[in-house]
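Below, all heavy atoms of this structure are taken into account, side chains as well, without hydrogens, waters or symmetry copies. All values reported here derive from a predicted model rather than from experimental measurement. Numbering of ligands and ligand atoms starts at 1, following listing order.
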Amino acid sequence: MRDIERYLNIRRAYGGTLTPDGTLAFLMTTTGVPQVWSLAEPETWPEQRTFYDESVSFVTASPTREEAVFGMDEGGDERMQLYRLDLAPDPDPAADPVVPLTDLGDRRAKHRWGGWSHDGERFAFASNRRDEAAFDVYVQGRGEGGEDATLVHEGDGWLTVAGFSPDDSALVVSEAYSSFDQDLYALDLDSGDLTHLTPHEGSVRFLSATWAPDGEGIYTATDRDADRLYLAHVALDGTLTPVVEDESWNVDGLAVDHDTGRAVYSRNVDGYTDLTVGDLDGTTFREGQQVDLPRGVAGGVSFEAGARRFSLTVTGSTDNSNVHLVDVDSGETERWTRASTAGVPRESFVEPDLVRYESFDGREIPAFFSVPPAAAERDGDGEGVPVIVDIHGGPESQRRPSFYALKQYFLRHGYAVFEPNVRGSTGYGTAYTHLDDVEKRMDSVADIEAAVEWLSNQSAVDPSRVVAFGGSYGGFMVLAALTEYPDLWAAGVDVVGIANFVTFLENTGSWRRELREAEYGSLDDDREFLESISPINTIDAVRAPLFVLHGANDPRVPVGEARQVAAAAREQGVPVEELVFEDEGHGVAKLENRVEAYSRIVSFLDEHV
Ligand SMILES: CSCC[C@H](NC=O)C(=O)N[C@@H](C)C(=O)O
């Protein structure tokens with residue numbers, strides 16, 4: 001097995017959910033793409049439950065039966081379909097354990113899971129099956145098929161459903177106008193009446209919505225009148241009461257058990273997760289036991305019936321993701337899954353340092369900096385090592401200290417890795433996220449230039465061997481860095497990136513165009529500016545060899561972005577390698593494709609860096 005192949009075979013186990021009998025269902029990548037597996041006991045051999053070549057996106061157990069719903073798209077088209085899966089320990093051999101729930105014949109729409117009813121008889125979802133550009137809300141019986149779903153609310157934008165009220169009479173519905181501006185509504189399922197819970201001026205985030213146990217309100221993480229997300233209670237009359245506030249860090253996750261009021265919330269502390277367990281009663285949170293967690297990133301809380309325990313996905317820079325069960329009363333955690341590291345010794349994985357560097361305007365930019373042990377031990381004599389500046393996507397996102405197999409491969413093979421959270425990243429306050437909006441877009445690219453300047457002062461690094469690497473929006477950042485600062489780079493790797501904001505906004509999925517124009521600017525009002533910052537229009541400046549990787553079915557960043565920038569760079573005489581997979585979308589999910597893609601990227605870097 002080639003070394004890169006071994007690293008890409010390091011498995012992930014995540015997204016756990018507990019059935020009424022205490023079986024843990026979760027996703028694991030043992031077969032090359034995430035499939036549903038289950039465990040009755042911790043650290044025993046898990047049972048594989050789904051057997052597809054496509055990636056399963058989520059699995060969520062029924063509250064009353066040994067069954068679950070899972071979501072899966074096809075070829076990366078992000079038109080997720082829902083399926084019911086029998087999780088009984090001894091399923092009926094004559095019946096297919098998987099039943100399609102959203103089959104619409106030759107039509108493939110998007111479906112966003114919205115939760116099980118508490119009696120396990122129904123489930124809710126949002127879908128653009130009526131109008132591709134808008135989402136509606138549906139409720140469907142667990143035994144019904146695609147066309148049987150009941151349309152309970154016709155929407156005209158980006159709707160998601162965040163669960164049934166405790167008495168199953170209503171749904172909480174979120175409408176997003178941008179990544180930083182949402183509204184929440186209570187939708188009465190009998191009358192169809194929609195109660196607006198969060199009327200507000202300007203952009204305000206209302207995230208992680210969930211019903212309060214008494215059904216008289218909801219909880220949400222919001223930044224209303226604040227720069228950080230805090231936990232708040234919103235009554236059905238719209239009265240908002242802060243419950244847990246933090247001046248420094250965002251509350252970025254919340255789970256509430258409706259039967260007991262048990263609750264877990266997480267804070268994002270410089271990228272690391274800090275978890276708090278306790279009990280919610282109206283607008284009061286009573287803190288319980290501290291949870292004994294390894295330092296890293298944790299999330300995806302799912303309570304078991306009775307809320308004595310909950311499942312949690314835990315990962316860290318040197319810890320591939322696994323599912324743990326947490327005992328609420330003691331705070332003790334027990335690891336249930338054992339995702340393989342493919343024989344790569346855990347002790348060989350490298351922890352990053354969290355650093356902060358000064359950018360062009362004096363602002364401090366946080367970043368994770370990882371150096372191969374050999375280079376770290378040098379005291380400045382001899383040559384430095386090459387460094388990969390790995391730029392996250394979004395831009396409304398954040399690189400956090402999770403496990404990245406490819407990063408550990410690069411470290412093992414002598415590269416340092418630098419992961420900046422440039423302005424516009426989430427996790428550092430609302431004001432920070434807006435520092436790259438529309439006309440300020442290129443300030444975040446200037447943060448990348450400042451990063452290379454900082455790196456050139458690090459003795460471990462060879463400043464003549466710096467690689468720009470990034471996916472999705474990070475792919476745009478790579479292309480922008482190569483065109484704006486062409487002399488800084490030994491090579492660039494653009495994965496499913498934007499090359500031309502005009503063609504990107506014209507061709508991205510119609511359901512997401514408005515949301516993305518809110519971040520980048522609109523075709524109607526900002527076309528000239530968008531042309532001016534699109535790397536395709538300054539591609540003649542590029543000097544560094546360029547690798548372009550994309551999926552043909554990408555509904556977010558259409559593959560035309562890759563094709564046009566590869567062709568334009570090649571025309572300039574730039575060494576270009578272009579790789580498009582016909583069975584992938586916004587990224588490369590299938591293991592065999594990942595092995596081919598990253599083997600070629602490694603060879604490309606070995607040749608040019
Ligand atoms: C709503 S944030 C979108 C994040 C996503 N991931 C990668 O960056 C993405 O598609 N971002 C860009 C390409 C976009 O569509 O704006």
Side-chain angles (χ1 to χ4, degrees), residues 55 57 73 76-80 110 112 126 128 133 135 157-160 174-182 203 205-208 252 390-400 402 404 419-427 430 432-434 436-438 440-441 444-445 448 468-481 493-523 526 530 533-536 548-551 553-562 564-565 584-589:
S55 297
S57 309
D73 74 358
D77 68 2
E78 296 186 4
R79 293 172 190 270
M80 185 159 66
K110 293 174 71 73
R112 292 181 181 142
N128 65 347
F135 285 86
W158 184 285
L159 294 187
T160 49
S174 163
E175 177 156 18
Y177 315 108
S178 79
S179 298
F180 303 106
D181 189 17
Q182 296 88 23
S203 286
R205 284 182 284 181
F206 292 98
L207 304 172
S208 306
D252 67 348
D390 183 353
I391 309 164
H392 70 69
E396 313 95 317
S397 181
Q398 178 188 14
R399 183 56 60 86
R400 302 182 66 177
S402 303
Y404 296 103
E419 302 163 273
N421 282 314
V422 298
R423 68 191 70 207
S425 302
T426 51
T430 305
Y432 192 79
T433 63
H434 289 299
D436 70 340
D437 288 0
V438 193
K440 292 174 282 190
R441 180 71 40 214
S444 61
V445 185
I448 298 296
F469 187 107
S472 188
Y473 177 80
F476 155 73
M477 291 292 278
V478 167
L479 297 172
V493 179
D494 159 24
V495 181
V496 296
I498 299 169
N500 181 338
F501 274 107
V502 171
T503 53
F504 157 69
L505 286 171
E506 285 171 344
N507 302 316
T508 195
S510 54
W511 58 87
R512 66 192 313 270
R513 184 170 298 112
E514 208 173 297
L515 207 78
R516 303 323 291 150
E517 287 188 312
E519 171 67 27
Y520 300 124
S522 75
L523 289 168
D526 306 294
L530 291 169
I533 63 166
S534 293
I536 193 73
V548 180
L549 172 63
H550 221 106
N553 307 321
D554 191 337
R556 299 189 193 198
V557 180
V559 66
E561 296 301 300
Q564 63 179 295
V565 76
E584 298 282 4
H586 193 61
V588 181

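- Between the side chain of Asn421 and the backbone N or O of Arg399 there is at least one donor-acceptor pair closer than 3.5 Å.
- A distance of 4.0 Å separates CG in Asp436 from CZ in Arg441, rounded to the nearest 0.5 Å.
- Under a 4.0 Å criterion applied to the non-hydrogen atoms of Ser179, ligand 1 contributes the atoms 1 (C).
- Relative to atom 12 (C) of ligand 1, the option among Gly394, Pro555, Gly497 with the closest non-hydrogen atom is Gly394.
- With rounding to the nearest 0.5 Å, the separation of OH in Tyr473 from OH in Tyr520 is 6.0 Å.
- Of the protein's heavy atoms, Arg556 NH1, 3.1 Å lies nearest to atom 5 (C) of ligand 1.
- Ligand 1 has at least one atom lying under 4.0 Å from a heavy atom of His586.
- Within the 4.5 Å cutoff, the side chain of Asn553 has no heavy atoms near those of the Glu584 side chain.
- More than 12 heavy-atom neighbours from other residues, nucleotides or ligands sit within 6.0 angstrom of CD on Glu396.
- Nearest non-hydrogen protein atom to atom 1 (C) of ligand 1 is Arg516 NH1, 3.5 Å.
- Looking at atom 15 (O) of ligand 1, its nearest protein heavy atom turns out to be Arg512 NH1, 2.8 Å.
- The cationic group of Arg112 lies under 6.0 Å from the six-membered ring centre of Phe135 and within 45° of the ring axis, placing it in a cation-pi geometry.
- Of the protein's non-hydrogen atoms, Ser472 OG, 3.2 Å is the one closest to atom 6 (N) of ligand 1.
- Side-chain atoms of Ser472 and Arg556, non-hydrogen and from C-beta on, never get closer than 4.5 Å to each other.
- Contact annotation: Phe504 has at least one heavy atom less than 4.0 Å from an atom of ligand 1.
- Which parts of ligand 1 touch Tyr473 is read off a 4.0 Å heavy-atom cut-off, strictly below it: atoms 7 (C), 8 (O), 13 (C).
- Short contacts between ligand 1 and Val557, defined as distances under 4.0 Å to a heavy atom of the residue, involve ligand atoms 13 (C).
- The nearest heavy-atom contact from the protein to atom 2 (S) of ligand 1 is Glu396 OE1, 3.3 Å.
- With a 4.0 Å heavy-atom cut-off, ligand 1 is reached by the side chain of Tyr520 but not by its N, CA, C or O.
- Rounding to the nearest 0.5 Å gives a distance of 11.0 Å between CZ of Phe476 and CG of Asp494.
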